[in-house]
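Following: one structure in C-alpha cells, then a few remarks.
Index from 1, following the sequence.
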Amino acid sequence: MEAFDVIRWTTRGLISSTCRPTVIGLENVPKEGPFIVAPNHLSFLDSVIVQALMPRPVGFFAKAEYFTTKGFKGRAMKAFFQAVGSIPVERGEQAASVQALKTLLDILENGRGIGIYPEGTRSRDGLLYRGRTGVGWLALTTGAPVVPVGLIGTDKLQPVDRNTVRPQHFTMKVGEPLYFEKTGPDHSLPARREVTDKIMDAIAALSGQERSTSYNQSKTAE
C-alpha cells in the first residue's frame with residue numbers, strides 16, 4: 001500500500017470516528033479519467049476532508065510553507081501534504097493565476113483529479129460568494145467533468161480565528177458531474193463566466209448557503 005493510501009485511510013478513519021460525517025453522492029465521482037472537484041469553502045480543513053473522503057485522489061493547492069518548514073513538525077507536514085497529493089503554491093499567488101492553473105492543467109492531462117475552490121478563499125461569514133472563473137477556464141480547456149461539492153458545518157470544526165479543532169458532525173454532498181464542451185484555451189470570457197455560474201448554482205443547491213453577488217476577499221486583502 002502506497003503512502004497516499006495509508007495516510008488517506010488513516011485520516012478518513014480519524015474523521016469518521018470523531019466527526020461521524022454524513023457523506024452523500026460519492027457514486028457521482030467518475031471512476032476513471034480526469035475530473036475537477038469544486039467545493040464551497042468554509043474551513044481550513046475542507047481540503048483535508050475532501051481528499052480523505054473522496055474515493056479517488058484529489059490534488060488541492062497548499063501553502064508552500066507547509067513543504068518548507070524546518071524541524072520535525074515541518075517534515076511531518078511535508079510528508080502529509082505530499083502524500084495526499086497537495087500542490088505547493090506561494091503565499092499571495094492566487095489559485096486562479098495563469099501559472100497555478102497550468103499546474104492543475106498538467107494533472108488533469110495525466111488523467112487525475114484536482115480540487116479548486118471557485119470562491120478563491122474561505123468564507124468567513126457563511127455566505128457563498130461569486131465564483132472566480134479559473135474553474136470555468138479549466139472545464140472548457142480540458143473538457144474534464146466538474147464535480148460540485150457542498151460542505152455543510154465544516155466551519156464548526158475550526159471556528160474563524162481559532163487554531164484548535166473541535167470534532168463536530170458535518171455533511172459532504174457530492175453532486176452529479178457537470179459536463180461542458182471542450183473548447184481548449186481559446187474561448188471567450190463570457191463563456192467562461194457562464195460555465196462558472198452554472199458550477200456555482202450546483203454548489204449552492206448542495207450547500208444551501210445564502211449567496212453573495214460579490215467576490216470573496218482574503219483577510220489580508222480587507
Note, [X] side chain near [Y] side chain (heavy atom, < 4.5 Å):
| X | Y | value |
| --- | --- | --- |
| Pro177 | Asn28 | yes |
| Val147 | Val174 | yes |
| Met54 | Val29 | yes |
| Phe180 | Ile199 | yes |
| Glu119 | Asn40 | yes |
| Leu138 | Ile114 | yes |
| Trp137 | His187 | yes |
| Leu101 | Ile116 | yes |

Item to check | side-chain contact (heavy atoms from CB on, under 4.5 Å) assessment of Leu108 paired with Ile36 | outcome: CA-CA 8 Å; Leu108 290 171; Ile36 301 166; 3.9 Å; yes

From [atom1] ([X]) to [atom2] ([Y]), nearest 0.5 Å:
| X | Y | atom1 | atom2 | result |
| --- | --- | --- | --- | --- |
| Ser43 | Leu151 | OG | CG | 9.0 Å |
| Leu157 | Asp46 | CG | CG | 8.5 Å |
| His41 | Ile203 | NE2 | CD1 | 12.0 Å |
| Cys19 | Lys156 | SG | NZ | 12.5 Å |
| Leu140 | Thr133 | CG | OG1 | 10.0 Å |
| Leu189 | Glu194 | CG | CD | 12.0 Å |

Counting only N and O atoms by type, is there a donor-acceptor contact under 3.5 Å from the side chain of [X] to the main-chain atoms of [Y]?
| X | Y | value |
| --- | --- | --- |
| Gln209 | Gly126 | yes |
| Arg12 | Ala52 | yes |
| Ser188 | Ala191 | yes |
| Arg130 | Met200 | no |
| Arg112 | Asp106 | no |
| Asp125 | Leu127 | yes |
| Gln158 | Phe44 | no |

Checklist entry - Charged N to carboxylate O under 4.0 angstrom, Arg193 versus Asp197? => result yes

For residues [X] and [Y], report the shortest heavy-atom separation together with the two atoms involved.
| X | Y | value |
| --- | --- | --- |
| Gly113 | Ile107 | O-CG2, 4.1 Å |
| Pro21 | Ser16 | CD-CA, 3.8 Å |
| Met172 | Val149 | CG-CG1, 3.8 Å |
| Val195 | Gly136 | CG1-CA, 3.9 Å |
| Pro118 | Pro39 | CD-O, 3.5 Å |
| Phe170 | Gly153 | CB-C, 3.9 Å |

Checklist entry - Any chance CD of Glu27 has more than 12 other-residue heavy atoms, nucleotides or ligands included, within less than 6.0 Å? => result yes

Checklist entry - Around atom CD of Glu176, are there more than 12 heavy atoms of other residues, nucleotides or ligands at under 6.0 Å? => result no

[X]-[Y] co-clustered via ILVMFWY side chain contacts under 4.5 Å:
| X | Y | value |
| --- | --- | --- |
| Leu128 | Ile152 | no |
| Leu14 | Leu53 | no |
| Leu42 | Leu206 | no |
| Val146 | Tyr129 | no |
| Leu26 | Ile15 | yes |

Checklist entry - Can Asn216 and Thr121 be counted as having a side-chain donor-acceptor contact under 3.5 angstrom? => result no

Checklist entry - Is the ring centre of Phe61 less than 6.0 Å from the ring centre of Tyr117? => result no

